[in-house]
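Just below is one structure, and these are the notes that go with it.
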Amino acid sequence: MGKKQKAVITAGCFGGYFLFGFIDNMKGTTLPAILEDMGFDHSTAGMIICSEYTGFFLATFLAGLLADLFGKKATLVLAGFCLILGVAGYASSFHLFLFVGFIFLIGLGLGALELGGSNVLSGLWGGRSGRYLNLLNACYGLGAIVTPVVAGHWLGLGISWRAVYRYSLFLILPITLYFIIMKVPREEKKDGRRERVDGKELLAIILHKKVLFMYVVIFAYVAAEIGTATWFVEFLQKEKQMPASVSSVCFSIYFVGMTVGRLLGSLFVDRVGHRRSLLIFTGISSLSLAVGIFGSGYVSFALIFTGFGFSIIFPTSTTVVSGIPSKNSGILLGSFFAFGGLGGMVGPYLIGVVNDFLGLKAGMAVNLVFCGMIAVALWMRVRDKKDMEVS
């Protein structure tokens, strides 16, 4: 494959992940306006958000199967069409059933986009995939930073939340068109036939203890990352008595730290070692969370550095799993993302329950438990010196 074609494919994946970050974080910015407009209570809002993560969870299975049967490009095209239909329908919804259904489509599209972009770049760059997957996820961070600024500005001008979602179609449509015309080589068998799904081989790999430990890592990481992001502003305002303006700025810095960390991570994770890098940044996350939660005064601002600590964990874990030899790499990576989707469903909900019974400080501290799970799983995954150096 020529350098030009690689650049075209890489640019498409980067653009897709920027879109991923932009759309994924739009719900939080527009949710207050939706609740006011529709008169929904918080339980109803939770049901709507849960529907999105359900779609995301299912996409990790469907998109992985689609990638193995029809090629990796098909996953990206599917993601684009799901986002077009989901966003257009969500912006036009006036009934709870429609909100739930269309945000499910959005979640389906986001899940397919995440899996598709990672799967394409992993196969494209091989041994340099750690660098490019961190850059890929930095693009997600850029989208996440832009969303509150742009959507918040439009809402402040009196533009309806429905129009904000419709405006996002001007980003979704051209990126989907790019996916359609982008040429991604199909991975064919030597005799020209597509490989069939090898169920026994795939099951043996998934049930291997090293792979299972990585599933624990991604489950706990996504639970901690989504759980922290979901309750970040609420915790600073109610527990630390910070004004809304200050807590919002802190939340933006949280995503800036995540983006910077992924950019820097792209330069060293392959050289330092994937497992060692994961352990170091898990430690940074745990320390930032602990100091931010239990510290007082200005020390509480340490919570913003959690984004930096979380930054490389997802893309680097994806690199580790992508490097596992398998004839069904799409399904293997899809099942990996599925565990992440479960973490995204469990984390915010569990923290919310603890918040109600024990308070916000105890709820945020649940994220420390998830970080502990990550560290234990990484230490148990492989204990020999060679793995510590190269994986």
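Residue numbers run from 1 in the order of the sequence given. Note that this is a predicted model, so its numbers are computed, not measured.
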[atom2] on [Y] to [atom1] on [X], rounded to 0.5 Å:
{"X": "Leu169", "Y": "Ile23", "atom1": "CG", "atom2": "CD1", "value": "8.0 Å"}
{"X": "Phe22", "Y": "Leu19", "atom1": "CZ", "atom2": "CG", "value": "8.5 Å"}
{"X": "Ile312", "Y": "Leu264", "atom1": "CD1", "atom2": "CG", "value": "10.5 Å"}
{"X": "Leu287", "Y": "Thr282", "atom1": "CG", "atom2": "OG1", "value": "12.5 Å"}
{"X": "Leu236", "Y": "Ile304", "atom1": "CG", "atom2": "CD1", "value": "9.5 Å"}
{"X": "Leu136", "Y": "Phe14", "atom1": "CG", "atom2": "CZ", "value": "6.0 Å"}

Does [X] reach the main-chain N or O of [Y] with its side chain, forming a donor-acceptor pair under 3.5 Å?
{"X": "Tyr178", "Y": "Val8", "value": "yes"}
{"X": "Lys240", "Y": "Ile293", "value": "yes"}
{"X": "Gln5", "Y": "Lys183", "value": "yes"}
{"X": "Thr147", "Y": "Ala144", "value": "no"}
{"X": "Lys73", "Y": "Met182", "value": "yes"}
{"X": "Ser311", "Y": "Phe308", "value": "yes"}

Given Phe235 and Thr228, is the side-chain contact (heavy atoms from CB on, under 4.5 Å) satisfied, shown in steps? CA-CA 9 Å; Phe235 175 78; Thr228 299; over 6 Å; no
Return the minimal non-hydrogen interatomic distance between [X] and [Y], and the atom names on each side.
{"X": "Arg275", "Y": "Leu378", "value": "NE-O, 2.7 Å"}
{"X": "Arg162", "Y": "Asp37", "value": "NH2-OD2, 3.6 Å"}
{"X": "Gly341", "Y": "Phe57", "value": "C-CD1, 4.4 Å"}
{"X": "Ile172", "Y": "Gly80", "value": "CG2-O, 4.1 Å"}
{"X": "Thr75", "Y": "Ala112", "value": "CG2-O, 3.2 Å"}
{"X": "Met364", "Y": "Ile351", "value": "N-CG2, 4.3 Å"}

Same cluster or not: are [X] and [Y] linked, directly or through other Ile, Leu, Val, Met, Phe, Trp or Tyr residues, by side-chain heavy atoms under 4.5 angstrom apart?
{"X": "Leu85", "Y": "Leu173", "result": "yes"}
{"X": "Leu98", "Y": "Leu96", "result": "yes"}
{"X": "Leu267", "Y": "Met258", "result": "no"}
{"X": "Tyr17", "Y": "Leu177", "result": "no"}
{"X": "Val369", "Y": "Ile284", "result": "no"}

Mutual orientation of the aromatic rings belonging to Tyr215 and Phe339 [parallel < 30°, tilted 30-60°, perpendicular > 60°]: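 Parallel, since the angle between the ring planes stays under 30°.
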Below 4.5 Å, heavy atoms only, C-beta onward: do [X] and [Y] meet side chain to side chain?
{"X": "Leu289", "Y": "Phe370", "result": "no"}
{"X": "Ser317", "Y": "Leu278", "result": "yes"}
{"X": "Val217", "Y": "Val320", "result": "no"}
{"X": "Phe314", "Y": "Thr318", "result": "yes"}
{"X": "Ile175", "Y": "Phe18", "result": "no"}
{"X": "Val211", "Y": "Phe336", "result": "no"}
{"X": "Met242", "Y": "Phe301", "result": "yes"}
{"X": "Tyr165", "Y": "Ser92", "result": "no"}

Is the distance between the ring centroids of Tyr90 and Phe99 under 6.0 Å?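 Yes; Phe99 has its ring centre under 6.0 Å from that of Tyr90.
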OH (Tyr167) with more than 12 external heavy atoms under 6.0 Å: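 12 or below, so no.
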side-chain contact (heavy atoms from CB on, under 4.5 Å), that's the test. Do Val299 and Phe294 meet it? Break it down for me. CA-CA 9 Å; Val299 176; Phe294 300 107; over 6 Å; no
Test Val291 against Phe305 for side-chain contact (heavy atoms from CB on, under 4.5 Å), laying out the working first. CA-CA 10 Å; Val291 174; Phe305 296 106; over 6 Å; no
Under the side-chain contact (heavy atoms from CB on, under 4.5 Å) rule, what do Glu52 and Leu110 come out as? Steps first, then yes or no, please. CA-CA 9 Å; Glu52 178 180 353; Leu110 293 176; 3.3 Å; yes
